[in-house]
Q: 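Below you'll find the structure I mean.
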Amino acid sequence: MSSIVELRNVSFGYDPARPVLRDISLAIPRGAVVGIMGQSGCGKTTTLRIIMGAYRPSSGSAGVLGHDVATLDGDGLYAMRRKMGMLFQFGALFTDMSVFENVAFPLREHLELPEDLVQDLVMMKLHAVGLRGAAHLMPTELSGGMARRVALARSIALDPQLMLYDEPFTGLDPISFGVIVRLIRELNDSLGATSVIVTHDVQEALGVVDYVWFMAAGKVIAQGTPDEIRASSEPFVNQFVNGKLEGPVPFHYPAAQYDADLELTKS
């Protein structure tokens with residue numbers, strides 16, 4: 001099966017002295033739902049930004065949708081992103097636009113379609129996420145779960161080949177979470193797309209993905225199917241997946257000895 005995304009020995013840092021990604025390699029097959037997981041600050045979202053071309057690798061190569069991202073100019077990136085959908089962490093809806101106008105935005109931005117066709121396509125996408133009846137509402141009138149579903153409808157408006165999800169489960173109640181998980185899986189399969197889910201909500205994501213890359217400190221430290229990740233003996237993965245207090249990730253932030261604290265309070 002061919003890869004729709006392939007990162008080879010990718011490193012990246014905002015500051016050369018503080019690398020964020022360290023020699024990352026991964027290949028994402030077409031049609032799969034994959035997870036990039038790990039603790040907050042491990043480099044997951046930066047990896048997603050490399051894939052979408054927001055950042056260019058400091059070293060290594062990023063192949064996305066048949067393109068070497070580092071070689072694309074502005075027009076090339078725009079054309080590549082036309083084939084992508086992005087669900088941001090909290091939806092990122094345009095607050096001064098109705099639900100209908102939010103979903104219509106990418107259609108009007110990228111295509112020249114008659115208005116009656118835009119109407120049909122928007123209502124079709126809203127129907128797919130169960131919100132056709134909410135087309136007239138404003139974002140401030142939506143619950144958190146509804147806003148996330150509207151954002152999902154907007155992200156699939158152009159039938160993307162590649163879907164990117166940045167922490168899609170954050171802040172959702174159990175019912176909304178179940179709805180979003182089902183939609184991610186069903187929409188991926190019905191569109192024939194590929195989905196990349198970046199998340200630290202490991203247990204939730206393991207129920208929907210086909211394969212996982214697990215990151216820590218800017219490196220891939222484990223990879224495999226959900227069952228293989230659950231059974232991993234790698235100390236960090238085992239601690240993170242099972243929510244253990246003891247392990248390589250300390251509870252306490254590094255500090256001086258307690259008697260040194262006492263001296264500081266006296267001075």
Side-chain angles (χ1 to χ4, degrees), residues 5 28 31-40 44-45 47-49 51-52 84-95 97-100 102-106 121-135 137-214 225-226 229-230 240-241 243:
V5 174
I28 299 174
V33 178
V34 304
I36 300 176
M37 303 182 189
Q39 188 181 23
S40 296
K44 304 184 303 296
T45 298
T47 302
L48 201 67
R49 289 171 178 167
I51 293 172
M52 66 191 297
M84 294 180 178
M86 177 74 185
L87 182 64
F88 296 95
Q89 184 169 347
F90 293 105
L93 296 177
F94 299 116
T95 55
M97 292 184 181
S98 68
V99 165
F100 180 93
N102 265 278
V103 180
F105 182 84
L121 288 171
V122 169
M123 299 309 284
M124 185 187 307
K125 302 305 180 183
L126 286 173
H127 182 75
V129 300
L131 291 175
R132 187 167 58 88
L137 298 179
M138 297 298 290
T140 54
E141 299 177 276
L142 304 175
S143 68
M146 290 172 69
R148 205 74 55 89
R149 282 191 279 160
V150 172
L152 182 54
R154 183 180 63 185
S155 69
I156 63 169
L158 296 170
D159 294 334
Q161 297 178 36
L162 178 62
M163 276 295 303
L164 306 176
Y165 297 90
D166 187 14
E167 300 288 0
F169 312 125
T170 300
L172 295 179
D173 62 77
I175 295 175
S176 296
F177 161 74
V179 170
I180 293 296
V181 166
R182 178 179 59 81
L183 284 171
I184 288 174
R185 182 81 250 184
E186 290 182 355
L187 290 171
N188 185 83
D189 295 344
S190 63
L191 291 171
T194 304
S195 295
V196 181
I197 302 173
V198 163
T199 182
H200 63 266
D201 295 312
V202 176
Q203 294 298 342
E204 290 85 349
L206 288 177
V208 67
V209 300
D210 301 310
Y211 200 81
V212 176
W213 280 269
F214 211 99
T225 66
I229 292 297
R230 291 188 185 100
F240 201 82
V241 169

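No experiment lies behind these values; they were computed from the predicted model shown.
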Q: Run the ring pair (Phe, Tyr, Trp, His ring centres under 6.0 Å) test against Tyr211 and tell me which residues pass, sequence neighbours left out.
A: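 If we apply the ring pair (Phe, Tyr, Trp, His ring centres under 6.0 Å) test to Tyr211, skipping adjacent residues, the hits are Trp213.
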
Q: Heavy atoms only: give me the nearest Gly85-Pro160 pair and the separation to one decimal.
A: N-CB, 3.4 Å

Q: Do Leu152 and Tyr165 have side chains that approach each other closer than 4.5 Å (heavy atoms only, starting at C-beta)?
A: yes

Q: Given side chains that start at C-beta, do those of Thr45 and Asp166 come closer than 4.5 Å, heavy atoms only?
A: yes

Q: Measure across Pro168 and Val198 and return the closest heavy-atom pair with its distance rounded to 0.1 Å.
A: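 That would be CD-O, 3.8 Å.
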
Q: Do Glu141 and Val99 make a side-chain contact, defined as non-hydrogen atoms from C-beta onward lying under 4.5 Å apart?
A: no

Q: Taking side chain as C-beta onward, heavy atoms only, is Lys125 less than 4.5 Å from Asp159?
A: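 SC-SC contact between Lys125 and Asp159 confirmed.
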
Q: Do Arg149 and Ile180 make a side-chain contact, defined as non-hydrogen atoms from C-beta onward lying under 4.5 Å apart?
A: yes

Q: Give me the atom names and distance for the closest heavy-atom approach of Ala153 to Val129.
A: CB-CG2, 3.9 Å

Q: Identify the residue among Leu162, Val33, Val34 that makes a side chain to side chain contact (heavy atoms under 4.5 Å, CB included) with Ile28.
A: Val34

Q: Just how far is it from atom CG of Leu158 to atom CG of Leu191, taken to the nearest 0.5 Å?
A: 11.0 Å

Q: For residues Val103 and Val150, determine if any side-chain heavy atom of one lies less than 4.5 Å from a side-chain heavy atom of the other.
A: yes

